[in-house]
Peer 1: 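I have a structure I would like to understand better, so I am pasting it below and will then ask my questions one at a time.
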Amino acid sequence: MLVSLTVGKVDAGVTVLLTPDKRLIEFPSILLPPNISSGSIVDIAVSQNTEKESLEEQKFRDLQDRIFQSFGASEPASPVLRCRNATQTSVVLEWDPIELATADLISLSLYRNGQKAGNIPRPMQMRSTKISGLAVDTEYTFHLVLRTTAGTRTSEKVAVRTHKMTDLSGVTITTGILPGALKENLSKAVERIGAKIVDGVRIDTTHFVTTEGRGTAWEKAVENNIPVVRPEWVDACEKNGRILGVTKFYLDAMRPGPPSDDTTSPPPVPVKDEAAAAAAAPEATQTEEATKNGDGPDEPAAEAQEAAEKEAEGEPEQKSKSPSQVEGQKMRREDMDEQKIALRPSASNQEGDAAEEHGGDQDEGRDAEGKPSGTPDGASFQEVEL
């Protein structure tokens with residue numbers, strides 16, 4: 001289509017053109033012939049280039065395809081969670097590698113029974129985790145929630161039930177340094193109780209069994225706080241038919257054994273004054289011999305005590321007696337008291353008997369340690385040769 005236009009005003013950038021019906025059109029001056037001026041008439045032909053339109057459209061679609069293939073063809077995948085091992089109080093969970101496609105990772109969270117248990121650290125490197133402190137014989141549900149810049153993905157819920165105390169299938173043992181015969185017996189015992197032995201210390205290793213605390217595997221078990229026990233622990237579990245505590249079976253625990261002579265014999269009693277002990281020894285021996293022969297001082301002391309008690313009971317009757325009779329009774333009583341003091345034994349066991357008979361009167365003359373207050377070393381003033 002050919003259109004004739006009249007040039008109105010010419011500027012450096014824009015030229016005003018007038019249509020036959022007196023309409024103004026702003027037109028780029030660069031597209032007009034260089035020698036035009038106001039009042040010039042120009043013919044402009046306008047047509048549609050369909051071929052070039054098709055080429056441009058194809059270029060645009062190719063660009064859209066490249067963008068889609070680069071950023072929209074693949075999406076982040078939902079995590080795939082599963083249970084690796086379960087014991088009486090712990091569960092080991094593992095999952096497939098996280099697929100983010102072209103998205104960026106925000107977080108990977110673990111949920112237990114519908115509540116958030118925490119975020120997984122370094123989710124692109126870690127592929128397993130261990131949850132401890134669970135209740136025995138209890139069912140739990142776990143699932144993962146993956147948050148990315150392309151949206152949120154949730155894994156399927158995994159139901160796990162912790163084992164009973166009699167179920168030893170979750171026990172996973174890693175062996176350390178063991179003699180050949182002992183290691184073979186251990187393998188058979190582990191097979192009988194339903195447990196398993198794995199090579200190397202892993203996240204699902206529950207016990208490390210060894211007889212010597214050395215080696216790379218032992219160091220890794222100690223670093224990961226895995227119980228290091230002796231082979232007797234497996235035998236005890238098999239014997240009791242249930243899982244047992246490991247406190248008594250730790251590698252560095254004290255093993256029970258027969259008591260030694262040092263532990264059974266009583267400790268020696270310190271003697272403060274050897275001279276007093278040497279002096280008291282013959283008297284104690286002499287007193288024991290007198291007691292065996294039947295001529296010890298126990299009977300005279302008892303008779304004197306009975307006489308004193310009878311006189312004490314008869315004291316109210318002294319009011320009716322004459323002064324001479326009262327004076328005679330006092331003299332007889334003083335004689336019996338002197339005889340009782342002279343015949344009193346000096347051995348410690350007989351001093352205790354006399355104290356009980358007199359109602360503890362001798363305690364008043366003793367110090368805080370139970371020794372007579374007469375001498376610092378506990379010797380008595382009443383040591384008399386019989």
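The chain is numbered in sequence order, starting from 1.
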Peer 1: Return all side-chain donor-acceptor pairs below 3.5 angstrom for residues 28-35, not counting sequence neighbours, or 'none' if the list is empty.
Peer 2:
from, atom 1, to, atom 2, distance (Å)
Ser29, OG, Asp11, O, 2.9
Ser29, OG, Val14, N, 3.4
Ser29, OG, Thr15, N, 3.3
Ser29, OG, Thr15, OG1, 2.6

Peer 1: Does a donor on one side chain sit under 3.5 Å from an acceptor on the other, for Asp62 and Gln58?
Peer 2: yes

Peer 1: Would you please test Val91 and Tyr140 for side chain to side chain contact (heavy atoms under 4.5 Å, CB included) and show each step?
Peer 2: CA-CA 10 Å; Val91 172; Tyr140 296 89; 5.7 Å; no

Peer 1: Establish whether Val145 and Leu93 are linked, either directly or via other cluster members, by ILVMFWY side-chain heavy-atom contacts under 4.5 Å.
Peer 2: no

Peer 1: Indicate if Tyr111 and Ile131 have the same hydrophobic cluster label, given that clusters are the connected sets of ILVMFWY residues with side-chain heavy-atom separations under 4.5 angstrom.
Peer 2: no

Peer 1: Under the side-chain hydrogen bond (donor to acceptor under 3.5 Å, both in side chains) test, which residues partner Gln115, sequence neighbours left out?
Peer 2: none

Peer 1: So do Lys248 and Glu232 actually touch side chain to side chain, heavy atoms under 4.5 Å?
Peer 2: no

Peer 1: Residues two or more places apart in sequence or in another chain: which of them pass side-chain hydrogen bond (donor to acceptor under 3.5 Å, both in side chains) with Ser78?
Peer 2: none

Peer 1: Looking at every heavy atom in both Gly170 and Thr206, which two are closest together, and how far apart are they?
Peer 2: O-CG2, 3.9 Å

Peer 1: Which residue pairs pass the salt bridge (Lys or Arg N to Asp or Glu O under 4.0 Å) test when at least one of the two sits in residues 107-133, sequence neighbours left out?
Peer 2: none

Peer 1: Here's a test for you: under side-chain contact (heavy atoms from CB on, under 4.5 Å), which of Leu146, Leu108, Leu144 qualifies with Pro123?
Peer 2: Leu108

Peer 1: Distance from Leu182 atom CG to Thr210 atom OG1, nearest 0.5 Å?
Peer 2: 9.5 Å

Peer 1: Mind checking the CG-OG1 spacing from Leu134 to Thr162? Nearest 0.5 Å is all I need.
Peer 2: 6.5 Å

Peer 1: Do Ile44 and Phe27 come close enough that some side-chain heavy atom pair is under 4.5 Å?
Peer 2: yes

Peer 1: Hey, any chance Met124 and Ile106 share a hydrophobic cluster, counting ILVMFWY side chains that come within less than 4.5 Å of each other, even indirectly?
Peer 2: no

Peer 1: Which atom pair, heavy atoms only, marks the closest approach of Pro79 to Ser155?
Peer 2: O-CB, 2.9 Å

Peer 1: Can you see which heavy atom on Pro76 is nearest to which on Thr148, and at what distance?
Peer 2: CG-OG1, 3.6 Å

Peer 1: Could you tell me whether the side chain of Thr87 reaches within less than 4.5 Å of the side chain of Ile243, counting heavy atoms only?
Peer 2: no

Peer 1: List for me each residue that meets side-chain contact (heavy atoms from CB on, under 4.5 Å) alongside Glu94, sequence neighbours excluded, and say none if there are none.
Peer 2: Arg82, Arg84, Ser128

Peer 1: Can you tell me how far apart CD1 (Ile173) and OG1 (Thr205) are? Round to the nearest 0.5 Å.
Peer 2: 10.0 Å

Peer 1: Please table the atom pairs, donor to acceptor, closer than 3.5 Å between any side-chain atom in residues 65-72 and protein atoms at least two apart or in another chain.
Peer 2:
from, atom 1, to, atom 2, distance (Å)
Ser70, OG, Arg66, O, 2.9

Peer 1: State the CZ-CD1 distance between Arg214 and Ile177, to the nearest 0.5 angstrom.
Peer 2: 3.5 Å

Peer 1: Below 4.5 Å, heavy atoms only, C-beta onward: do Leu81 and Phe142 meet side chain to side chain?
Peer 2: yes

Peer 1: Hey, mind stepping through Val190 and Leu168 against side chain to side chain contact (heavy atoms under 4.5 Å, CB included) and telling me if it holds?
Peer 2: CA-CA 9 Å; Val190 169; Leu168 301 178; over 6 Å; no

Peer 1: Report the C-alpha distance between Thr174 and Ile226 in whole Å, list the side-chain angles of each, state the deciding distance to 0.1 Å, and finish with yes or no for side chain to side chain contact (heavy atoms under 4.5 Å, CB included).
Peer 2: CA-CA 10 Å; Thr174 299; Ile226 297 174; over 6 Å; no

Peer 1: Take atom CG in Asn49; do more than 12 heavy atoms of anything else shown fall under 6.0 Å from it?
Peer 2: yes

Peer 1: Between Trp95 and Ile120, is there a side-chain heavy-atom distance shorter than 4.5 Å?
Peer 2: yes

Peer 1: Work out which heavy atom in Val158 is nearest to a heavy atom in Cys83; give both atom names and the distance.
Peer 2: CG1-N, 4.2 Å

Peer 1: Between Met165 and Val136, is any pair of side-chain heavy atoms under 4.5 Å apart?
Peer 2: yes

Peer 1: Side-chain polar contacts of residues 217-225 - donor-acceptor pairs under 3.5 angstrom, sequence neighbours left out - could you list them?
Peer 2:
from, atom 1, to, atom 2, distance (Å)
Lys220, NZ, Val201, O, 3.3
Asn224, ND2, Lys220, O, 3.3

Peer 1: Which residue pairs pass the salt bridge (Lys or Arg N to Asp or Glu O under 4.0 Å) test when at least one of the two sits in residues 179-193, sequence neighbours left out?
Peer 2: Glu184-Lys188, Arg192-Glu238

Peer 1: Please indicate whether Glu53 has more than 12 foreign heavy atoms, meaning atoms of other residues, nucleotides or ligands, lying under 6.0 Å from its CD.
Peer 2: yes

Peer 1: Please find the pair of heavy atoms, one from Ser4 and one from Asp43, that lie closest to each other, and give the distance.
Peer 2: OG-OD1, 2.6 Å

Peer 1: Answer yes or no: are there more than 12 heavy-atom neighbours, outside Gln64 itself, under 6.0 Å from its atom CD?
Peer 2: yes

Peer 1: Check whether Leu2 and Leu17 end up in the same hydrophobic cluster, where Ile, Leu, Val, Met, Phe, Trp and Tyr are linked by side-chain heavy atoms less than 4.5 Å apart.
Peer 2: no

Peer 1: With sequence neighbours excluded, give me every salt bridge (Lys or Arg N to Asp or Glu O under 4.0 Å) pair touching residues 131-149.
Peer 2: Asp137-Arg161, Glu139-Arg161

Peer 1: Please round to the nearest 0.5 Å and tell me the distance separating atom CG of Asn113 and atom OG1 of Thr141.
Peer 2: 4.0 Å

Peer 1: With a 4.5 Å cut-off on side-chain heavy atoms, are Leu186 and Thr175 touching?
Peer 2: yes

Peer 1: Do Val10 and Ser37 come close enough that some side-chain heavy atom pair is under 4.5 Å?
Peer 2: no

Peer 1: Sequence neighbours excluded, which residues qualify as side-chain contact (heavy atoms from CB on, under 4.5 Å) partners of Thr6?
Peer 2: Leu18, Ile41

Peer 1: Compare every heavy atom of Ala103 with every heavy atom of Ala150, then report the nearest pair and how far apart it is.
Peer 2: CB-CB, 3.6 Å

Peer 1: Taking side-chain hydrogen bond (donor to acceptor under 3.5 Å, both in side chains) as the definition, give me every residue that meets it alongside Arg242, ordered by chain and number, with sequence neighbours left out.
Peer 2: none

Peer 1: Taking Gln88 for the side chain and Lys164 for the main chain, is one N or O donor matched with an acceptor at less than 3.5 Å?
Peer 2: yes

Peer 1: Please report the interatomic distance CG(Asp235) to CG(Asn185), rounded to the nearest 0.5 Å.
Peer 2: 8.0 Å

Peer 1: What about Val46 and Val42, same hydrophobic cluster or not, with Ile/Leu/Val/Met/Phe/Trp/Tyr joined at side-chain heavy-atom distances under 4.5 Å?
Peer 2: yes

Peer 1: Can you list, by chain and residue number, the hydrophobic cluster partners of Val92 when the side-chain cut-off is 4.5 Å?
Peer 2: Ile203

